[in-house]
Amino acid sequence: MPSLSVFGAQWGDEGKGKIIDNLARDHDLVVRYQGGANAGHTVVVGGEKFVLHQIPSGILHDGKRNVIAGGLAIDPATLLREIDGLSERGIEVHPGNLCVSGAAHVIFEHHRRIDRLSERWLGDGRIGTTGRGIGPCYADKAARTGLRIADLVDPDRLRQRLGAVLAEKNALIGDVHGEETLDFEAELSAALAFGERLAPFVADTGAEVRAAYREGKRILFEGAQGVLLDIDHGTYPYVTSSNTGVHGIGPGVGFPPNQIDRAWGIAKAYCTRVGEGPFPTEDEGECGERLRDEGNEYGATTGRPRRCGWFDAVAVRYALELNGAQGWIMTNLDVLSAFSEISVASAYELDGRAVDRYPAALASLAGVVPRYESRPGWMEDITGVRHYGDLPGAARDYVEWIETLVGVPIVLLSVGPERDQVIPRGL
Ligand code: IMP
């Protein structure tokens, strides 16, 4: 089975970076297909922490081809900082191990500005974005006024297109929001410098990934964010601006969907969310606070405290079903070692009636009341366990109970931030 899609099955921050890094060992290519610097994929290797925003998590292994595909909204300054930061720590990033699609869209300063100004404009109705310019960049892509990486490496085209676009953006920034406008020459020269540095990395990534599949190479598709933040299938409008699951791979890479051989979701043993929007199992009391402390639940990109709550089996079931997942990976199981009793939302109640499906309408979702069931905890350190049979009985009971509620087998468990703190299920 040469291709595998791995995606977040909650609201992001499921620990994808660590899992992708672990799975990368068995793959030749690691391909990011959507999102941008809003993501923060954390990988810990030998006690050293790496936070990757746009570079695929396969970069920490030798001999892997890491692909930034056309579906991304790339912030060139952040990308170059990531490349330099890794090189300073002894991980050389070069055109042999990283390539960037010329079709990927570019995030400019005006996108970041407009992201923050729109949030201010929305007031209480804000989305709680990461402020990285993601929404405005994808909006320009759809409006056909965006610039792509290929435009950055073509100075004449860049001058002409950026000039036209920035005139309109400055009108929005200045006339509507009453803020200082951006200087065209300064933006242009920054963009030209980015283009010059990125030029050696630019490639026809879609053709490369398709050829790799034909040659029988093993391809890992790395999702960012989570399915419940998907632009079409998440809790709209409290979502990010791309297709975060398997559905994003076709257009985001230029890869035939029928060649995506397997799909695995990733979900934490409890739930978190950053930003606004419905979150049925959110616990704003002591328990949520303990989950935040035990799990160190603060955003890898923005440092914001994450909203926390118990595992939501209805939401994860929906995410896995939507993406045709044959398996899933449960992360942060070790965080639950601190709890003498563990709850799970096995169903919702809406207007006094049981609902076992994830409601599509935001108004319904906001009104659901989770139906909780509880099991005893194990209250034992499990971070050193590497074989499923060595887990305490209560931990195995918890895993198998959730697996039954969700209806999809768990293929791997994660019990700590380090690369090797995983337990295969051997299914
Ligand atoms: P944006 O992607 O910055 O536009 O933010 C839209 C929503 O997605 C906000 O609720 C963000 O908090 C959330 N979001 C974006 N990226 C991530 C991520 O990597 N992890 C978790 N939440 C994210």
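Just so you know, ligand 1 is whichever comes first in the structure, and atom 1 is the first atom listed for that ligand. Bear in mind the structure is a predicted one, so any value in this text is a computation, not a measurement.
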Do me a favour and list the nearest non-hydrogen protein atom to [atom] with residue, atom name and distance?
atom: atom 22 (N) of ligand 1; value: Val274 CG2, 3.4 Å
atom: atom 3 (O) of ligand 1; value: Thr130 OG1, 2.6 Å
atom: atom 5 (O) of ligand 1; value: Thr129 CA, 3.3 Å
atom: atom 17 (C) of ligand 1; value: Gln225 CG, 3.5 Å

Ligand 1 atoms in contact with Arg304 (distance to a heavy atom under 4.0 Å): 11 (C), 12 (O)
Please identify which atoms of ligand 1 are closer than 4.0 Å to at least one heavy atom of Trp11. 21 (C), 22 (N)
Candidate with minimal heavy-atom separation from [atom], of [options]:
atom: atom 11 (C) of ligand 1; options: Gly128, Gly40, Gly135, Pro136; answer: Gly128
atom: atom 21 (C) of ligand 1; options: Ile134, Thr240, Val239, Asp13; answer: Asp13
atom: atom 23 (C) of ligand 1; options: Asp115, Leu228, Ile127, Leu229; answer: Leu229

Answer with yes or no whether the side chains of Asn243 and Asp230 bring together a donor and an acceptor at under 3.5 Å. yes
So, Lys18 and Ser414: side-chain donor and acceptor under 3.5 Å apart, yes or no? yes
Does any N or O atom in Ser241 lie less than 3.5 angstrom from one in ligand 1, N or O only? no
Min N/O separation Glu276 to ligand 1 under 3.5 Å: no
In Glu119, Arg113, Arg120, Arg112, the residue satisfying side chain to side chain contact (heavy atoms under 4.5 Å, CB included) with Arg116 is Arg112
Between Phe339 and Trp378, is the ring-ring contact (aromatic ring centres under 6.0 Å, His included) condition met? List the steps. CA-CA 8 Å; Phe339 293 82; Trp378 46 93; 9.5 Å; no
So, Phe221 versus Phe7, ring centres under 6.0 angstrom or not? no
Relative to the ring of Trp11, is the ring of Phe279 parallel (under 30°), tilted (30 to 60°) or perpendicular (over 60°)? tilted
Glu180 atom CD: more than 12 heavy-atom contacts under 6.0 Å: no
Can Arg89 be said to sit on top of Phe50's aromatic six-ring, NZ or CZ under 6.0 Å from centre and within 45° of the ring axis? yes
Contact with ligand 1 for Ala224, non-hydrogen, under 4.0 angstrom: no
